[in-house]
2 protein chains.
Amino acid sequence: MAQVPAARQVLDILRFLADQAGPVPAAALARELGLPRSTTYHLLGELTATGFVVHLPDERRYGLGVSAYELGSGFTRQAPLQRLARRPLSELTDRTGHTSHLAVLHGRDVVYVIEERARGRAPLVTDVGVRLPAPLTASGRAMLAVLPPAAVRALFPTADGFVLRNERGPDSPAALRRLLAETRRRGHALEEGEVTAGFASVGTPVLDHSGHPIAAVALTFPEHEVPDEDGRRSLAAQVARTAGTISRLIGG
Amino acid sequence: MAQVPAARQVLDILRFLADQAGPVPAAALARELGLPRSTTYHLLGELTATGFVVHLPDERRYGLGVSAYELGSGFTRQAPLQRLARRPLSELTDRTGHTSHLAVLHGRDVVYVIEERARGRAPLVTDVGVRLPAPLTASGRAMLAVLPPAAVRALFPTADGFVLRNERGPDSPAALRRLLAETRRRGHALEEGEVTAGFASVGTPVLDHSGHPIAAVALTFPEHEVPDEDGRRSLAAQVARTAGTISRLIGG
DNA sequence: GCCGAGTGTCTGGGATCCCAGACAATATCT
DNA sequence: AGATATTGTCTGGGATCCCAGACACTCGGC
């Protein structure tokens, strides 16, 4: 790696601040990141001048500023995940002969952002732009299974938040917990006929550098074509490899 | 300013990328920012390693990455605007004897994030957390008046998006355009009895370094207490000064 | 009011890094 | 298929910057 230490330091500051619940004192920044005090103040000066950081004199702390928000907006606008994931999903579909998709969590739902339909296969409900309740889908189950339990509880505090489909799916927080525990035990998410009768899906999450799920990859197939556990496990392994590829591409 | 050129350069790259509609080639970055080519690749290497930027080999371009998104989330969580604006609003209320508030645009509505109630004044509808249709409020009018016309059209394409209150307020895109033109001519936003009968408000936008409205400051007063144009203009000038103070604090 | 801890600013020289330019690989154009 | 343009990698030395530490200011505790 080329030596660009000041660049590295300023990015460390930004990432550290991004992980904090609120603004922090300069001394805490210097201590946590192992930076010399004067260097910390120089870098904070630059970050403040460019709007990435705001100095809160009343609190004697530093927090993220409007330029940080604009980076988030820019990320959303540029949709790098979709751009990076399209080829790996296309290859997964070619290899397996089944339709693949990429979805992101959006509150209690998943939203499909890529669908790579296999040659000669019928269109599925999981078209781009479609939203479905996360607990019902392989993609949603894959992501929920790797969220902290408190985050899952926050999303689904009571039985009210559950939407059944074809009269199936978890209908209470306890049922969801059991389903997610089973998903973790199995090593991949599974959905059988709950979204579309006669079809099943396997899914795995795409994790960022902190282990947080940013998306999920899933493969959908007619149930009768892959009726046995081994066949599904094999498909799940390919899905997991694709998810890992996308994680690496997204980097960090 | 202390010399931290590499830090400055890396932040320039991030801000440039945040302003682009899509990913860009490294050569365009170097050219637009006046950076040496090798320096550009070194900094991009660092940005890619930390997840702020993703390299899209198929497109031979660079775009924003997940760490950029996390900065946006961190900004929202830390709410620096509210932290910075509280004291200026408190001082505005003390100086004028009227209730002040800070609101942000949220789609077609405004959301109130600070209310500083004046001593001995009745509570108002503009409590923290309340949402109201932007075209009806001084804060909303202040922000809409400085948005590009295309952005206003996108928010209010037809007569359907208008909500009247007390049977008053603009009820069509044309009426809204006339109202915003009048707001720009007057130099501040005005609302008279459309939100609460018997009360009026004056408001001005808080702009970021690009001239984009990130919030608005408004002052609400009983109509009969400030019936004349000069009195309202004087209050509006104080509101504008407070908005300018907050702009400077937010920086960039 | 005084003291100690923490915040923020400033300076200069030893340490190191930034950039010009060479080179290799890849993509596009003819 | 060959030529050209662009992308991406690498090197080393002149230029400059990073950090230790001193100093001033502010805030909180007693």
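Convention: sequence-line order gives letters A, B, ...; per-chain numbering from 1.
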Distance check, rounded to the nearest 0.5 Å: [X] atom [atom1] versus [Y] atom [atom2]?
{"X": "B/L17", "Y": "B/D12", "atom1": "CG", "atom2": "CG", "value": "11.0 Å"}
{"X": "B/L29", "Y": "B/R61", "atom1": "CG", "atom2": "CZ", "value": "11.0 Å"}
{"X": "B/L43", "Y": "B/I13", "atom1": "CG", "atom2": "CD1", "value": "4.5 Å"}

Query raised in the report: For A/A6 and A/R37, take the nucleotide of DNA chain C holding the closest heavy atom to each; which residue's nucleotide lies nearer the 5' end?
Result: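 So the residue in question is A/R37.
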
Query raised in the report: Please walk me through it: do B/E225 and B/R121 pass salt bridge (Lys or Arg N to Asp or Glu O under 4.0 Å)?
Result: CA-CA 13 Å; B/E225 284 191 26; B/R121 297 288 186 183; 2.8 Å; yes

**Report entry** DNA chain D: 5'-most and 3'-most nucleotides touching chain A, 4.0 angstrom heavy-atom criterion
**Finding:**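 So the outermost contacting nucleotides come out as D/dC18 to D/dC27.
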
Query raised in the report: Residues in side chain to side chain donor-acceptor pair (under 3.5 Å) with B/T220, at least two apart?
Result: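 Partners of B/T220 under the side chain to side chain donor-acceptor pair (under 3.5 Å) test: B/H101, B/S201.
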
Under 3.5 Å, is there a donor-acceptor pair between the [X] and [Y] side chains?
{"X": "A/S100", "Y": "A/T93", "value": "yes"}
{"X": "A/H209", "Y": "A/R15", "value": "yes"}
{"X": "A/E115", "Y": "A/T126", "value": "yes"}

Query - side chain to side chain contact (heavy atoms under 4.5 Å, CB included) assessment of A/L44 paired with A/V53 - result: CA-CA 7 Å; A/L44 283 173; A/V53 155; 4.2 Å; yes

**Report entry** Contact nearer the 5' end of DNA chain D, comparing B/Y41 with A/S38
**Finding:**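 In this pair, the answer is B/Y41.
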
Query - Interface residues of residues 54-66 of chain B with DNA chain D (non-hydrogen, below 4.0 angstrom) - result: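 Heavy-atom cutoff 4.0 Å gives B/H55, B/R60, B/Y62.
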
Query raised in the report: For residues 24-32 of chain A, which residues have at least one heavy atom under 4.0 Å from DNA chain D?
Result: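 Residues of residues 24-32 of chain A under 4.0 Å from DNA chain D: none.
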
Requested in this report: Take atom CZ of B/F75 as the centre, draw a 6.0 Å sphere, and report whether it contains more than 12 heavy atoms from other residues, nucleotides or ligands.
Outcome: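 For B/F75, atom CZ is crowded (more than 12 foreign heavy atoms under 6.0 Å).
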
Query raised in the report: Around atom OH of B/Y62, are there more than 12 heavy atoms of other residues, nucleotides or ligands at under 6.0 Å?
Result: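 For B/Y62, atom OH is crowded (more than 12 foreign heavy atoms under 6.0 Å).
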
**Report entry** Residues which pass salt bridge (charged side-chain N to carboxylate O under 4.0 Å, His left out) with A/R153, listed by chain and number, not counting sequence neighbours
**Finding:**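 A/R153 satisfies salt bridge (charged side-chain N to carboxylate O under 4.0 Å, His left out) with no residue once adjacent residues are dropped.
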
Query - Five-pair end axes of the helix from C/dG1-D/dC30 to C/dT30-D/dA1 and the angle they enclose, rounded to 10° - result: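 Taking five pairs per end, the axes differ by 60°.
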
**Report entry** Option passing salt bridge (charged side-chain N to carboxylate O under 4.0 Å, His left out) with B/E59 (candidates A/R86, A/R87, A/R83)
**Finding:**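 It is A/R83; the other options fail the test.
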
